[in-house]
Amino acid sequence: MTADATKPTRSDRPDRADRPDRVERYDHLATEPKWQQRWDELGLYKTKLDDTRKAYYLLTMYPYPSGDLHIGHWYIKTPTDAIARFHRMHGENVFLPIGFDAFGLPAENAAIKNKINPRDWTMRNIENMRRQLRSMGATFDWDSEVVTADPEYYKWNQWFFLQFLKAGLAYRQKSPVDWCPNDGTLAREQVEGVERRCWRCGAKVEKRDLEQWYLRVTKYADELLDFSEIQFPDPIRIQQTNWIGRSVGAEIVFETAPSASHAGGEPLRVFTTRPDTLFGATFMVIAPEHPLVGSLTAPEKQAQVEAYIAKAQAQTEIERLSTDREKTGVSIGADAINPVNGERIPIFVADYVLGGYGTGAIMAVPAHDERDYAFARQFNLPIRRVVAAPGDEAAAVDGGAYSAHSDDERLVNSGEYSGLTADEGGRRIVAMLEAQGKGKAAVTYRLRDWLISRQRYWGTPIPIIYCPTHGAVPVPESDLPVRLPDEVDYEGSGVNPLTRDEKFLNVPCPICGEPSKRETDTMDTFMDSSWYWYRYLAPKKQDGPIDLDLMEGWTPVAQYTGGAEHAVMHLLYAREFTKMLRDLGMTQQNEPWRRVFNQGQILGMDGERMSKSRGNVQDPDELVTKYGADTVRLFLMFMGPWDQGGPWSPTGMGGVHRFIQRVWALAMDPTYREPGDPAAGTLPDGQSQEAARAAIRAAAHRTLRDVTADYEAFHFNTMVAKLMELANTLFRYRGSSVAGGPEWDEAIQLLLLMLAPAAPHVTEELWSRRLAARGEAWSSIHTARWPEVDQA
RNA sequence: GGGCGAGUGGCGAAACGGCAGACGCGCCGGCCUUAGGAGCCGGUACCGGCAACGGUGUGAGGGUUCGAGUCCCUCCUCGCCCACCA
């Protein structure tokens, strides 16, 4: 950068003009836009997808255009950009696309509040975010951009849904939602307080059963537990494993006993992980949602049971599963018969059993399960121990459940199975039940099918038409996309406006032409985010969602980076989606990505999540104007380990800024002697010239070795620290007899190359001056090759 | 409640099981300056000492080891996630 007359820098102010020893200082305001424009003109970051070089697909989670792009977005994107540049310098063909996760609830909230169209709100935010993301000098290939609210994108969500439907991977089922009489379905975050009131109108929130669409992802439960083709950080792998929650046990069929109000003989299936404790079952518990509750409940218990079910429905699953909560439940006035010994045991309905897990019913063994124990104590039910260590058989169970079983324990009080080990006894009991058709070995999962229906406007319409004679009819593929109407009137309420939109609603049945109604639910936005990186490869493709040839060459994605808050949901849904694509025959791939890294999250200065409503967002624009994009980039990498995050604090930004100025000074003016340095111009510790030259060379190559390793391991904070150390070392030699010599020159060259991925503008500027000074033709530092370590 | 992480100077943080605190901020001192909220050099874990040096130190308590910030157990505190926020 040459001194610009319109923008005086510190060094060329008039009162400085008489100071010839002053070094020209780096002016980010002039330099950064200049190079950004140059890179754009040269198309430096447009990826040729059909190139033969080694492909490196680097994917960063696309942002939600919330309208408050904050420093946290930069914290995510900046190191990713540095990784891209690092790989380019290794000669790889790097693809780093970007897009926007444009559907979702916040746009609707803003629309209702401010009476604007969600599309306008979203697109305005996207426009601003594009500008901000460009200002950081990131190497995104904008030609590949994807916006999920674009009909050309969501059309393919609909297409995928229809394929899944055909393949039997999608189905419709009733399931409960949180419902407000004024605002319709509510998200969890829209239900406030223990009172469970609507955030918008304060009305009491109810549960309502709606017909909703599911994707059959539980089909992949076992396969999802296999992580051999995907490198996850350990915590993510563990969280997904727990989420899928594979339990091995048995399904056992109890029968209801005859009573005054009931003939009996009705099968009641339970799942248990401990079939060995079947003789210890002293009662049975069914979930409030269990389909047989109504028919089994004795008339005199009816009122009590109904009241209990109503109460249970007002609670969240998290509350229901809380183990330190007092157990509640009511007897339904019916008994079940234990298939192993014919014993009659009472049936209760209790909320600690969930309708959605296992069979929605359990055999309760209070001696060997903590929850059953607590319930038994609460209701004075018998507790019978059936597993014990030798000599311990008679010991009472009163301190709590005794659930551990070790090798020296044997079954007791278990009829002909007494004396066997728990494992052996369990196996034989299951075998016996199986022979009688009263049970079988079984595996259950905590993972549930993916509920994709949302009672919202701002999402992908589910392409179904309900005909009075033909039922749920898929929209023909040729009629896709089912477009969201542009005109939308919320009438100040959260209720999905599609349900009132006559033009949208009324269509003929595709089969018979009779007047029919469109589905008004839209899709979960996790659907959008489950395949967007495939679309990046051919975002304008008209005749299909994905270019399958490019897909084979570029995916699985080499590296995916994003926030740890997505550990289970997005990162699991997307894996499921890829497996479904495979089962549709579109690909052979089993996993969407090869390697995933999770960065930490930048919180506000108050330690809370950054959001406009909390008023704790840090706007990156101010910082860029003040310090320059390079300083902000470097600071974000330097502040701590990338996977850690933490509260935002700009303290220390000045130190990074100073480092950049020092690099500038080293490269621009090696022979300058600092007047404030008593040792300026002398070699440290009375070193000989030869020793000094060797020391410079050793420092540069040692740094290269360490910095290369740090880039590879995403240890950006120590990478910056090591470059600072090298700069400090070089500063000790600045102005001395070795400064400007060949070893010095090599060290400067390495320093610039190593810094280039992290601080692309200042290094490009210094690089261009360096080439000019040598009379060499210009070429971008970002196309230079990463240097080789020479540890001579 | 459950799952997953994290606790190290005044602050952000370093540290293959091997001299704890690299690097940076802040602070203190010096230099250079008409000037300094610029730049440069030096110091800075804590307690004691002018100093050499001595003692104490990685949330608390136990354990493994020749040796533990690091590995194991118990506990405390904080953060993230728990299926309609994305």
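Lettering follows sequence order; numbering is per chain, from 1. Below, all heavy atoms of this structure are taken into account, side chains as well, without hydrogens, waters or symmetry copies.
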Please state how far atom [atom1] in [X] lies from atom [atom2] in [N], giving the value in whole angstrom units.
X: W458(A); N: rC85(B); atom1: CH2; atom2: C1'; value: 17 Å
X: L726(A); N: rA22(B); atom1: CG; atom2: C1'; value: 15 Å
X: Y573(A); N: rC85(B); atom1: OH; atom2: P; value: 10 Å
X: R702(A); N: rC23(B); atom1: CZ; atom2: C1'; value: 14 Å
X: E725(A); N: rA14(B); atom1: CD; atom2: P; value: 14 Å
X: L572(A); N: rG3(B); atom1: CG; atom2: P; value: 18 Å
X: M639(A); N: rA14(B); atom1: CE; atom2: C1'; value: 16 Å
X: N242(A); N: rG3(B); atom1: CG; atom2: P; value: 8 Å

| field | Closest-nucleotide 5' rank along RNA chain B - winner of L210(A) and R662(A) | value | R662(A)
| message | Both R732(A) and R448(A) contact RNA chain B. Which one's nearest nucleotide lies toward the 5' end? | response | R732(A)
| task | Give the intermediate values and the outcome of ring pair (Phe, Tyr, Trp, His ring centres under 6.0 Å) for residues Y171(A) and Y214(A). | result | CA-CA 5 Å; Y171(A) 65 95; Y214(A) 283 83; 5.4 Å; yes
Scan side-chain atoms only and decide if [X] and [Y] contain a donor-acceptor pair under the 3.5 Å cut-off.
X: Q599(A); Y: D643(A); result: no
X: W179(A); Y: Q455(A); result: no
X: D449(A); Y: T218(A); result: yes
X: W450(A); Y: D524(A); result: yes
X: N728(A); Y: R662(A); result: yes
X: Y64(A); Y: N125(A); result: no

| task | Return yes when atom NE2 of H570(A) has more than 12 non-hydrogen atoms of other residues, nucleotides or ligands closer than 6.0 Å, and no otherwise. | result | yes
| field | Other residues, nucleotides, ligands: >12 heavy atoms within 6.0 Å of K204(A) NZ | value |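 Yes, NZ of K204(A) has more than 12 neighbouring heavy atoms, counting only those of other groups under 6.0 Å.
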Could you tell me which nucleotide pairs with [N] by Watson-Crick or G-U wobble geometry, both distances under 3.5 Å, or answer none if nothing does?
N: rG7(B); result: rC76(B)
N: rU44(B); result: rG26(B)
N: rA83(B); result: none
N: rC19(B); result: none
N: rG67(B); result: none

| query | Using the benzene-type ring in the case of Trp, are the ring centres of F638(A) and F659(A) under 6.0 Å apart? | reply |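 So the answer is no for these two rings.
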| request: Could you check which residues of residues 710-722 of chain A get a heavy atom under 4.0 Å from RNA chain B? Sort them by number, please. | output: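 Those residues are N717(A), T718(A), A721(A).
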Describe the nucleic acid contact of [X] in one word from base, sugar-phosphate, nothing, applying a heavy-atom distance below 4.0 Å.
X: G676(A); answer: base
X: P63(A); answer: nothing
X: V656(A); answer: nothing
X: Q661(A); answer: nothing
X: F635(A); answer: nothing
X: S453(A); answer: base
X: Q212(A); answer: base

Nearest to the side chain of [X] - [options]?
X: Q455(A); options: rA83(B), rG5(B), rC84(B); answer: rC84(B)
X: I238(A); options: rC23(B), rC85(B), rC4(B); answer: rC4(B)
X: E674(A); options: rA14(B), rG39(B), rG24(B); answer: rG39(B)
X: L105(A); options: rG24(B), rC85(B), rC40(B); answer: rC85(B)

| Do you know the tightest heavy-atom contact between M129(A) and P63(A)? |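 Answer, listing the atom of M129(A) first, then P63(A): CE-CB, 3.7 Å.
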| query | Does R734(A) reach the main-chain N or O of D669(A) with its side chain, forming a donor-acceptor pair under 3.5 Å? | reply |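 It does hold such a pair.
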| query | Can you tell me if Y75(A) uses its side chain to pair, donor with acceptor, with the backbone of W642(A) under 3.5 Å? | reply |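 Between the backbone of W642(A) and the side chain of Y75(A) there is a qualifying donor-acceptor contact (under 3.5 Å).
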In whole Å, what separates the [atom1] atom of [N] from that of [M]?
N: rG43(B); M: rG63(B); atom1: P; value: 41 Å
N: rU64(B); M: rG2(B); atom1: C1'; value: 30 Å
N: rA13(B); M: rA22(B); atom1: P; value: 15 Å
N: rG57(B); M: rA20(B); atom1: C1'; value: 9 Å
N: rC27(B); M: rU70(B); atom1: P; value: 34 Å
N: rC72(B); M: rG12(B); atom1: C1'; value: 31 Å
N: rA51(B); M: rA45(B); atom1: P; value: 13 Å
N: rU8(B); M: rG61(B); atom1: P; value: 16 Å

| query | What pairs with W74(A) under ring-ring contact (aromatic ring centres under 6.0 Å, His included), at least two apart in sequence or on another chain? | reply | none
Looking at [N], I'd like to know if its phosphate oxygens (OP1 or OP2) sit under 4.0 Å from a side-chain N or O belonging to [X].
X: R658(A); N: rG39(B); result: yes
X: R454(A); N: rC84(B); result: yes
X: Q190(A); N: rC84(B); result: no
X: N728(A); N: rG24(B); result: yes

| field | salt bridge (Lys or Arg N to Asp or Glu O under 4.0 Å) partners for R196(A), two or more places apart | value |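 If we apply the salt bridge (Lys or Arg N to Asp or Glu O under 4.0 Å) test to R196(A), skipping adjacent residues, the hits are D178(A).
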| request: Please name all residues satisfying salt bridge (Lys or Arg N to Asp or Glu O under 4.0 Å) with R702(A), sequence neighbours left out, ordered by chain then number. | output: none
Protein-nucleic acid N or O pairs under 3.5 Å, nucleotides 78-82 of chain B:
from, atom 1, to, atom 2, distance (Å)
rC81(B), OP1, R609(A), NH1, 3.1

Pick out the pairs of N or O atoms, protein on one side and nucleotides 8-11 of chain B on the other, that lie under 3.5 Å.
none

| request: State the syn/anti category of rG62(B) according to its glycosidic angle, syn meaning within 90° of 0. | output: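 Because its glycosidic torsion lies more than 90° from 0, rG62(B) adopts the anti conformation.
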